[in-house]
Amino acid sequence: MSNIKYDIDYNLSAKHEAFPYQHEAYLEIRDKEYAAIFHEQGLGKTKIAIDLLLYWLEKRDIDTVLIVTKKTLVNNWCEEFKVHTNIVPKTLDNKRGSNYYVFNSTARVVVTNFETIAGELERMKLFLKTRNVAIIIDESTKIKNPDAKLTQAFFEIAPLFKIRIIMTGTPVANRPYDIWAQVYFLDQGKSLGDNFEHFKNECDLSNDLESDESRRNTFESSVAAIFEKIKSFSVRETKSSGIISLPNKIYHDLFIGFEKKQSEMYEQVRSEMRIMLKKGDESILDESADTIKRLLRLVQITSNPQLLDDSYQDYSAKEILLDKTITKIIERGEKVIVWSIFTGNVDQFCRKYKMYNACKITGKMSVEDRNKSVAAFKKGDAKVLFATPQSAKEGLTLTVANNAIFYDRGFNLDDYLQAQDRIHRISQEKDCNIYNLMIEDSIDVWIDVLLKAKQRAAFLAQGDITLAKYKDDADYSFASIIHEILKA
């Protein structure tokens with residue numbers, strides 16, 4: 001029982017009722033010591049979390065609820081409290097002086113970011129020892145790497161929380177083993193084991209699965225078992241499960257051949273990588289930092305050769321597709337988001353399409369400037385928004401648009417799924433068009449196959465499909481395709 005005396009009589013009632021499926025999730029986990037909310041993005045996990053914390057503060061002898069999210073989402077959470085509750089949360093940030101007053105306050109709710117927790121680790125430990133604290137980790141894939149210092153900090157303080165909740169719509173952010181550290185934070189290895197390397201070895205979507213039947217069988221059975229092991233403390237709903245009625249999501253794969261000079265540039269870089277392969281360096285097929293850096297050179301060329309060569313004056317072939325697609329969308333009287341993993345593209349295209357009052361969001365922009373772009377797109381005259389997934393894939397509802405163009409894509413599944421679901425979520429009334437622009441017979445094709453393989457594996461791990469369904473659809477050809485692309 002806490003000895004904290006509150007100087008404010010908090011109103012712990014919710015301002016709005018939850019959707020039935022949100023209320024069911026709330027009832028399922030409200031009395032658990034730890035739980036995972038894995039509802040697909042766009043299904044309102046924030047409302048579930050807020051209803052949970054209101055219940056804890058009133059019924060479960062919890063003094064304070066700590067919400068941890070990404071830096072760019074702290075303000076979003078504070079705004080959600082205005083909408084759904086009568087509580088004004090306090091915030092922890094990088095200002096140690098003001099943090100002192102928060103740590104010594106009687107705040108019922110505190111919102112902070114991941115980096116602040118790591119930076120304030122010692123004071124956080126003292127804080128947790130003096131009161132009963134529950135934690136809700138939003139976008140928990142931030143702690144998917146068990147070897148990272150940030151993740152280790154969260155592992156260290158996990159047992160000090162009275163209640164632990166993690167939330168993400170994409171628990172398998174990129175590979176099935178991404179889920180291990182998130183769940184370990186909850187149960188210290190009870191369900192998925194305490195040996196990450198062993199777990200990773202069995203659940204790795206590796207490049208030998210196409211040719212090694214035994215390894216493939218181990219991988220499939222191990223991934224299929226993940227959700228069975230965690231379902232007693234996990235809730236998961238998808239948009240396709242019938243809990244809500246959302247418009248369709250329609251995929252359009254648009255192909256075009258290389259522009260001549262672009263093709264020559266691509267062949268030159270591919271030749272360099274082919275020489276490396278002949279020297280026996282099979283690491284080209286792994287997703288190490290060095291490999292990704294090398295492969296990204298090919299992605300840059302298929303995207304926009306000017307990203308590598310300032311003297312390149314011709315168009316990228318994809319720009320022809322982009323022009324046609326944007327024009328058709330504008331003629332329909334609709335808005336569109338164009339995604340590129342490269343900031344240079346976003347900057348360049350935002351200038352090029354100024355006739356549509358184009359705006360942009362990149363990681364180089366201040367929060368204030370990003371908010372201005374969002375406002376211009378949602379409520380102003382901007383018909384096109386250019387953005388990088390890294391800067392805008394989370395925390396934004398952009399259902400004013402029902403079209404998303406992926407001018408290029410990287411290798412990360414989470415970036416792709418989160419970005420497209422900025423438009424496909426509650427409040428969307430139109431069918432959503434997802435356009436993938438690709439150069440024929442290029443690394444774009446490999447990325448497409450790889451992302452689809454990752455998505456199927458994620459579905460299996462998350463309990464979205466059966467093992468039988470997975471086996472029917474599984475495609476491990478990404479390994480042979482990349483060999484062909486680089487060695488042809």
Side-chain angles (χ1 to χ4, degrees), residues 2 25-39 45-70 73 77 89 92 103 107-118 120-121 123-146 148 150-173 178-194 196 199 226-227 229-236 462:
S2 172
Y26 154 81
L27 292 176
E28 176 70 21
I29 62 178
R30 68 179 185 179
D31 293 312
K32 294 185 182 296
E33 178 184 346
Y34 53 82
I37 304 173
F38 288 153
H39 282 29
K45 292 184 291 296
T46 300
K47 172 59 177 170
I48 300 171
I50 286 176
D51 285 353
L52 284 172
L53 70 86
L54 292 174
Y55 174 81
W56 297 338
L57 293 173
E58 184 176 11
K59 303 290 188 181
R60 288 198 62 183
D61 193 28
I62 292 295
D63 301 312
T64 302
V65 179
L66 181 69
I67 296 172
V68 183
T69 189
K70 295 184 176 180
L73 301 181
W77 269 94
L92 288 172
F103 280 125
R108 304 307 307 270
V109 178
V110 177
V111 183
T112 189
N113 62 74
F114 290 92
E115 289 76 17
T116 292
I117 293 292
E120 290 278 17
L121 195 59
R123 287 204 291 189
M124 181 58 66
K125 290 178 186 176
L126 292 174
F127 179 73
L128 297 177
K129 291 175 181 177
T130 59
R131 64 187 71 199
N132 297 330
V133 182
I135 185 172
I136 297 173
I137 299 183
D138 180 33
E139 300 299 346
S140 57
T141 53
K142 180 78 172 178
I143 59 168
K144 70 180 185 291
N145 180 1
L150 181 67
T151 305
Q152 291 292 326
F154 278 84
F155 286 174
E156 187 175 346
I157 59 176
L160 300 178
F161 292 100
K162 304 302 180 185
I163 306 172
R164 297 179 297 281
I165 299 287
I166 60 172
M167 299 197 327
T168 176
T170 52
V172 177
D178 289 339
I179 201 170
W180 184 89
Q182 300 169 72
V183 173
Y184 186 86
F185 171 82
L186 295 179
D187 68 3
Q188 284 73 62
K190 291 179 182 178
S191 58
L192 299 182
D194 58 7
F196 172 66
F199 183 86
I226 291 175
F227 194 75
K229 293 177 180 179
I230 66 174
K231 68 179 182 180
S232 64
F233 56 86
S234 302
V235 289
R236 167 80 173 171
Q462 293 158 185

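Only a predicted model underlies this, so the values are computations on that prediction, with no experimental measurement involved. The first residue in the sequence is number 1, and the count goes up from there.
- Put simply, the side chain of N113 does not reach to within 4.5 Å of the side chain of T69, judged on heavy atoms.
- Considering only heavy atoms from C-beta on, F103 comes within 4.5 Å of E120 through its side chain.
- Between V68 and I117, the closest side-chain pair of non-hydrogen atoms falls below 4.5 Å.
- Residue S191 holds its OG atom at 8.5 Å from CD1 of I179, rounded to the nearest 0.5 Å.
- Using a 4.5 Å cut-off on side-chain heavy atoms (C-beta onward), F38 and T168 make contact.
- Under the side-chain contact (heavy atoms from CB on, under 4.5 Å) criterion, K125 pairs with L121, E122, E156, I157, L160, not counting sequence neighbours.
- Interatomic distance, R60 CZ to R30 CZ, rounded to the nearest 0.5 Å: 10.0 Å.
- For A49, the side-chain contact (heavy atoms from CB on, under 4.5 Å) partners at least two apart in sequence or on another chain are W77, I136, M167.
- When all heavy atoms of V65 and W56 are compared, the pair lying nearest together is CG2-CE3, 4.0 Å.
- Atoms NZ and CD, on K231 and Q462 in that order, are 15.5 Å from each other to the nearest 0.5 Å.
- Contact of the I67 side chain with the I137 side chain is not registered, since no non-hydrogen atoms from C-beta on lie closer than 4.5 Å.
- Take L150 and apply the side-chain contact (heavy atoms from CB on, under 4.5 Å) test, not counting sequence neighbours, and it matches F114, A118, K142, F154.
- Note that CZ of R131 and OG1 of T64 are 4.5 Å apart. Values are rounded to the nearest 0.5 Å.
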- Verdict with supporting geometry, F155 and Y184, ring-ring contact (aromatic ring centres under 6.0 Å, His included): CA-CA 8 Å; F155 286 174; Y184 186 86; 4.8 Å; yes

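- Under a 3.5 Å cut-off, the side chain of R164 and the backbone N or O of A36 do not form any donor-acceptor pair.
- Ring geometry for F196 versus W180: interplanar angle of 30 to 60°, hence tilted.
- Considering all non-hydrogen atoms of both residues, P89 and V111 come closest at CB-CG2, 3.9 Å.
- Ring to ring, F233 and Y34 are close: their centroids are under 6.0 angstrom apart.
- Of the possible polar contacts, one joining the T151 side chain to the N145 backbone as a donor-acceptor pair under 3.5 Å is found.
- A distance of 8.5 Å separates CG in L92 from CZ in R123, rounded to the nearest 0.5 Å.
- Residues V133 and I62 fail the side-chain proximity criterion, which asks for heavy atoms closer than 4.5 Å.
- Put simply, the side chain of L73 reaches to within 4.5 Å of the side chain of D138, judged on heavy atoms.
- In this structure, T141 and A173 approach most closely via the heavy-atom pair CG2-CB, 3.8 Å.
- The CD1 atom of I230 sits 10.0 Å away from atom CZ of R236, with the distance rounded to the nearest 0.5 Å.
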- side chain to side chain contact (heavy atoms under 4.5 Å, CB included) assessment of I37 paired with I166: CA-CA 6 Å; I37 304 173; I166 60 172; over 6 Å; no

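- Between the side chain of K229 and the main chain of G193, no donor-acceptor pair closer than 3.5 Å is present.
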- Item | side chain to side chain contact (heavy atoms under 4.5 Å, CB included) between Y55 and D31, intermediate numbers included | CA-CA 9 Å; Y55 174 81; D31 293 312; 2.7 Å; yes

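- Formation of a donor-acceptor pair under 3.5 Å by the E28 side chain with backbone atoms of V235 is not found in this model.
- Annotation: side chain of I163 is not in contact with side chain of I135 (no heavy-atom distance under 4.5 Å).
- Using a distance-only test at 3.5 Å, with no hydrogens or angles considered, a donor-acceptor pair links the side chain of D63 to the main chain of N132.
- The backbone N or O of P146 lies less than 3.5 Å from a partner atom in the side chain of Q152, making a donor-acceptor pair.
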